[in-house]
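Bear in mind that the values here come from a model prediction, so they are computed numbers and not experimental data. Scope of the values below: all heavy atoms of this structure, side chains included, with no hydrogens, waters or symmetry mates.
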Amino acid sequence: MNKIKPILLVVMDGVGFSESGVGDAVAMAKTPVLDRLLAQCPNTRLKAHGTAVGLPADDDMGNSEVGHNALGCGQVYSQGAKLVNEAIESGKMFTGAAWNELVDNCKNDTTLHFIGLLSDGNVHSNIKHLFDMLGEAKKSGVRTARVHILLDGRDVPATSALEYIDKLETVLAGLNDDSFDGRIASGGGRMKVTMDRYQADWAMVERGWKTHVLGEGRAFATASEAVETFRAENSGIIDQDLPAFVIAENGVAVGKIADGDSVILFNFRGDRAIEISMAFDFDELTFFDRGKKPDVCYAGMLQYDGDLKLPGRFLVNPPEIKDTLSELLVENKINQYAVSETQKFGHVTYFWNGNRSGKVSEELETFKEIPSDNISFDQKPMMKSVEITDDLIAALKSGEYGFLRCNFPNGDMVGHTGSLDAAIVGVEAVDKALERLIPVCDELGVTLLITADHGNADEMLEKDKKGNIAVRTAHSLNKVPFIIYDKEKDYTIINNCDFGLANVAPTVAKMFGLTPPSSWEKPMI
């Protein structure tokens, strides 16, 4: 490794600056270290949502995937919803080989199935994309469509499922006639079925498979009836936790997935789409018993993992991210270390490296995953903050690494549970981690950078349309901190600039004295 001054970047996932002050777990938490750093160190506030991270508009909340893409590549790429919007608006998606293969496969009176998150949160999916595809499917000669809905309550208000179900039912009613039969077939809360990530809970995927594919589960006449029944039986339950259900007539599920059918997963975000795609695409799967895998034509909205080529068929090409910070550091022979627990391990590795599953350099990059607990994180809001800190301190003291990065997931993952008290504890746990890291940085002459990928814990409550206070589980639109701490060296952050997450990598490069690619944003110092 070159003789350089090491840099440690800490991502406090889901920790932003509240503008509303409503349910601000960050402000309510006891954070003496963070408070001192903000008072005494060079710092600014970064935009972590909307156009700053490649999303269509500034009312689109950021997320950990696009956030870490921007942090790691120093540039702004069209992402997620924006990519799909462009493909639909141009008509490119519907003239592509994948779409035509899917619809042609259904012209022998087989069924086109859609699986995905039914909301307009624009984090994992957008209901408008589903509506556009349903309309185009009918135009393309598809006669039967079934929709398997995953209920959100996380990127949108916590109990808004019926609103989205009503919208979908209205669209289907407008399409249905003698030539087209579209119906909702099954569903369930996103944290109960189908949308597991990082192979943390394959039982979620198994429940989704049984529900969507096999048509097994508690039966109802309509999706609205299912939601209303579950709410009546489970006081206070929010949409993301609703149990699985199937829609049936005369005791028979209306939307089993069978040989000869086509299936589209219309989520565009990759992390919670990979495992269900494995279940459809892989001939061999050991994580649960699928029974006889139906012979279907399966596609994702995007390719969710480029290295695994998963899924093999997809509707929209992903952004081709190049010239990342990791590539620049490898070119300059700087050893890197990345650590987090399972819930965010992919963010400091795969997403940070521009959606690359492998390493840029096996020799110069070290990745460490600390297994997450398989529980609701409000039950243990400290998560693995102690273990991450222990591991990071050992890596710092080894003297082997020039650039280290970590993610503390607490503000985001605990924030998503909707528990204000637990989120406060989660934020305090991250502050304790900073308290332990600072003396080590002082001792070893390490520059400490602190930021976040988006807000969440800073806005745990919100006012509904009637002015009532309601639980909020979604990310916020608030800016996030960027702090420079260095006992030995003074830095000055440029004033009067509207910086975003993509300005972090250029700042790191300048600290190392490296020349960044011309495509990058400007440094903040």
Count the heavy atoms of every other residue, nucleotide or ligand shown that sit under 6.0 Å from NZ of Lys128, and state whether that count exceeds 12.
->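 It does not: Lys128 NZ has 12 such atoms or fewer within range.
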NZ (Lys432) with more than 12 external heavy atoms under 6.0 Å =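 12 or below, so no.
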Could you check if a side-chain atom of [X] sits within less than 4.5 angstrom of a side-chain atom of [Y], using non-hydrogen atoms only?
X	Y	result
Met278	Pro311	no
Ser64	His454	yes
Thr507	Phe482	yes
Gln343	Phe377	yes

Member of [options] meeting the side-chain contact (heavy atoms from CB on, under 4.5 Å) criterion with [X]:
X	options	result
Thr159	Asp239, Leu151, Ile237	Asp239
Phe408	Asp13, Val11, Ile388, Asp431	Ile388
Asp155	Leu117, Asn63, Asp120	Leu117

May I ask you to decide whether Arg197 forms a salt bridge with Glu65, counting only side-chain N to carboxylate O separations under 4.0 Å?
->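 Salt bridge flag = yes for Glu65 with Arg197.
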Salt bridge or not for Asp498 and Lys47, using N-O below 4.0 Å?
->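 Judged by the 4.0 Å cut-off on N to carboxylate O distance, Asp498 and Lys47 do not form a salt bridge.
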Which heavy atom of Val76 sits nearest a heavy atom of Ala52, and at what distance?
->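 Closest pair (atom of Val76, atom of Ala52, distance): CG2-O, 3.4 Å.
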Salt bridge (charged side-chain N to carboxylate O under 4.0 Å, His left out) evaluation trace for Lys30 with Glu428 = CA-CA 6 Å; Lys30 294 178 181 178; Glu428 291 175 349; over 6 Å; no
